[in-house]
Amino acid sequence: MLREPAELRVDDHGRDEFPVGLLGEAGIAPGADLLAFGDGDGRIVLRRAEDAMRDLLEHGEL
């Protein structure tokens with residue numbers, strides 16, 4: 001599936017805002033706890049903390 005990319009800009013304080021549609025598509029609700037980590041090649045991965053912890057407990061990896 002091809003998706004329309006969302007353009008984002010990091011502000012002077014290192015913050016960014018994600019479009020609500022993009023967050024909804026990823027199943028991320030307002031107030032959700034997230035884990036963020038670099039995945040190489042200029043990528044940043046965001047995961048819902050509950051999903052990451054479940055994968056860690058069940059499979060020993062994030």
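Only heavy atoms go into these numbers, but all of them, side chains included; no hydrogens, no water, no symmetry mates. From a predicted model like this one, the values you see are computed outputs, not experimental measurements.
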More than 12 foreign heavy atoms under 6.0 Å from CG of Leu8: is that the case here? yes

Walk me through it: do Phe18 and Leu46 pass the test side chain to side chain contact (heavy atoms under 4.5 Å, CB included)? CA-CA 11 Å; Phe18 290 87; Leu46 295 176; 3.8 Å; yes

Atom CD of Glu58: over 12 foreign heavy atoms under 6.0 Å: yes

If the threshold is 4.0 Å, N to carboxylate O, is there a salt bridge linking Asp51 and Arg47? no

Short question: side chain of Arg48, backbone of Asp33 - any donor-acceptor pair under 3.5 Å? no

According to a 4.5 Å side-chain heavy-atom criterion applied to Ile, Leu, Val, Met, Phe, Trp and Tyr, with indirect links allowed, do Leu23 and Leu34 form part of one hydrophobic cluster? yes

Is the side chain of Arg54 donor-acceptor paired with the backbone N or O of Glu50 at a distance under 3.5 Å, no angle test? no

Checking the side chain of Asp11 only, and the main-chain atoms of Arg15 only, is there a donor and an acceptor separated by less than 3.5 Å? yes

Would you say CZ of Arg43 has more than 12 non-hydrogen atoms from neighbouring residues, nucleotides or ligands within 6.0 angstrom? yes

